[in-house]
Amino acid sequence: MNILRQLELEHMKATIPDFGVGDTVDVHYLIKEGDKERVQIFSGTVLSLQGGGTRRSCTVRRIVSGEGVERTFPLHSPRVADIQVKERGRIRRAKLYYLRDREGKATRLQRNLGKLQHPRSGKGSGIQATDTPSAE
């Protein structure tokens, strides 16, 4: 087995929920304040997914006091405690950067009420946390 792939598999999280672009998610992120650590929840719409393997990250956007706030979270970081999918969105684009120019009700997406037909969180990228290293 490739040494780099084996290292990636060791450092990947075993459980990442199946979510995609257009979904509304809660990202539980560890914040360090002085000596204490606490979990802060960043709730918003996923604008994009990028990267693969341990470098996989997602960009989440929400509106705070009338201003748009975007954060990019590395999915396999130890700082990301949990990701919860609140609502699935039905979209036809890979990146939702056009939402940056919209305000109010224009930022709403159609809800996906049916079941998910295909996994969307990068399971088909070739590197999975469920792969076991074999002796080659």
Side-chain angles (χ1 to χ4, degrees):
M1 175 181 270
N2 188 356
I3 295 172
L4 292 177
R5 180 181 168 119
Q6 187 175 358
L7 281 172
E8 272 195 344
L9 291 175
E10 289 175 9
H11 294 288
M12 287 175 69
K13 288 185 181 176
T15 58
I16 289 183
D18 186 31
F19 68 97
V21 177
D23 294 349
T24 302
V25 296
D26 284 342
V27 180
H28 298 252
Y29 197 71
L30 287 172
I31 301 291
K32 187 171 185 177
E33 295 174 337
D35 298 340
K36 298 184 229 173
E37 280 191 353
R38 66 180 179 89
V39 175
Q40 183 173 5
I41 298 175
F42 191 90
S43 180
T45 304
V46 178
L47 290 187
S48 68
L49 289 167
Q50 58 265 4
T54 56
R55 294 171 301 279
R56 190 139 182 89
S57 62
C58 69
T59 303
V60 181
R61 179 181 175 86
R62 73 174 181 179
I63 306 295
V64 179
S65 301
E67 280 294 316
V69 177
E70 290 182 15
R71 284 195 70 178
T72 302
F73 296 100
L75 297 181
H76 295 283
S77 169
R79 288 269 173 230
V80 176
D82 190 24
I83 299 174
Q84 295 177 344
V85 181
K86 292 195 324 189
E87 187 177 293
R88 298 213 180 262
R90 198 169 77 198
I91 56 159
R92 296 177 64 174
R93 295 180 182 221
K95 311 284 186 199
L96 300 181
Y97 297 141
Y98 68 90
L99 292 179
R100 293 173 176 165
D101 300 329
R102 297 188 178 193
E103 295 177 358
K105 290 184 179 181
T107 61
R108 293 182 301 178
L109 300 172
Q110 289 183 349
R111 290 178 48 191
N112 184 4
L113 299 176
K115 72 174 194 173
L116 201 60
Q117 293 180 353
H118 303 289
R120 303 190 296 177
S121 63
K123 301 273 194 248
S125 63
I127 297 177
Q128 297 179 358
T130 57
D131 288 346
T132 56
S134 61
E136 288 183 19

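Keep in mind that this is a model prediction, so the values were computed, not measured.
Under the 4.5 Å side-chain criterion, counting only non-hydrogen atoms from C-beta, V21 is not in contact with L47. Counting heavy atoms from C-beta on, the side chains of R62 and R71 never come closer than 4.5 Å. Residues F73 and R79 have side chains not in contact (no heavy-atom distance under 4.5 Å, counting atoms from C-beta outward). By the 4.5 Å heavy-atom criterion applied to side chains, L49 and R56 are counted as neighbours. Residues P17 and Q84 fail the side-chain proximity criterion, which asks for heavy atoms closer than 4.5 Å. Residues Q50 and K95 form a side-chain contact, since some pair of their non-hydrogen atoms from C-beta on lies under 4.5 Å apart. R111 is not listed as a side-chain neighbour of R88, based on a closest heavy-atom distance of 4.5 Å or more. Side-chain contact between C58 and L75 is present, with heavy atoms from C-beta onward closer than 4.5 Å.
Judged by distance alone, the side chain of D23 and the main-chain N or O of G89 form a donor-acceptor pair under 3.5 Å. Remark: side-chain polar atoms of K13 are paired, donor with acceptor, to backbone N or O of V80 under 3.5 angstrom. Looking at R108, its side chain does come within 3.5 Å of a backbone N or O of K105 through a donor-acceptor pair. At least one donor-acceptor pair closer than 3.5 Å links the side chain of T107 to the backbone N or O of G104. A donor-acceptor contact shorter than 3.5 Å is absent between the side chain of H76 and the backbone of M12.
Between the side chains of S65 and E67, no donor-acceptor pair is found at a separation under 3.5 Å.
Heavy atoms only, all atoms of each residue included: F42 and V69 are closest at CZ-O, 3.9 Å. Of all heavy-atom pairs spanning P74 and S57, the tightest one is CA-CB, 3.9 Å. The heavy-atom pair separating V46 from L96 by the smallest distance is O-CD1, 3.8 Å.
Put simply, I41 and L30 are part of two different groups of oily side chains (I, L, V, M, F, W, Y) that touch within less than 4.5 Å, one to the next. Each of I83 and V39 belongs to its own hydrophobic cluster when Ile, Leu, Val, Met, Phe, Trp and Tyr are linked at side-chain heavy-atom distances under 4.5 angstrom.
E87 CD to S43 OG: the interatomic distance, rounded to the nearest 0.5 Å, is 10.0 Å. The CZ atom of R90 sits 11.0 Å away from atom CG of L109, with the distance rounded to the nearest 0.5 Å.
Other residues, nucleotides and ligands contribute more than 12 heavy atoms inside 6.0 Å of the CD atom of E10. In the displayed structure, E33 atom CD is contacted under 6.0 Å by more than 12 heavy atoms of other residues, nucleotides or ligands.
Taking the charged nitrogens against the carboxylate oxygens, K32 and E37 have no contact shorter than 4.0 Å, which rules out a salt bridge. A salt bridge links R100 with E70: at least one charged nitrogen is closer than 4.0 Å to a carboxylate oxygen.
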- Task: Show your reasoning for whether side chain to side chain contact (heavy atoms under 4.5 Å, CB included) applies to D26 and K86.
- Result: CA-CA 7 Å; D26 284 342; K86 292 195 324 189; 3.3 Å; yes
- Task: Any chance you could lay out the side chain to side chain contact (heavy atoms under 4.5 Å, CB included) test for V27 and V60, step after step, and finish with the verdict?
- Result: CA-CA 9 Å; V27 180; V60 181; 4.2 Å; yes
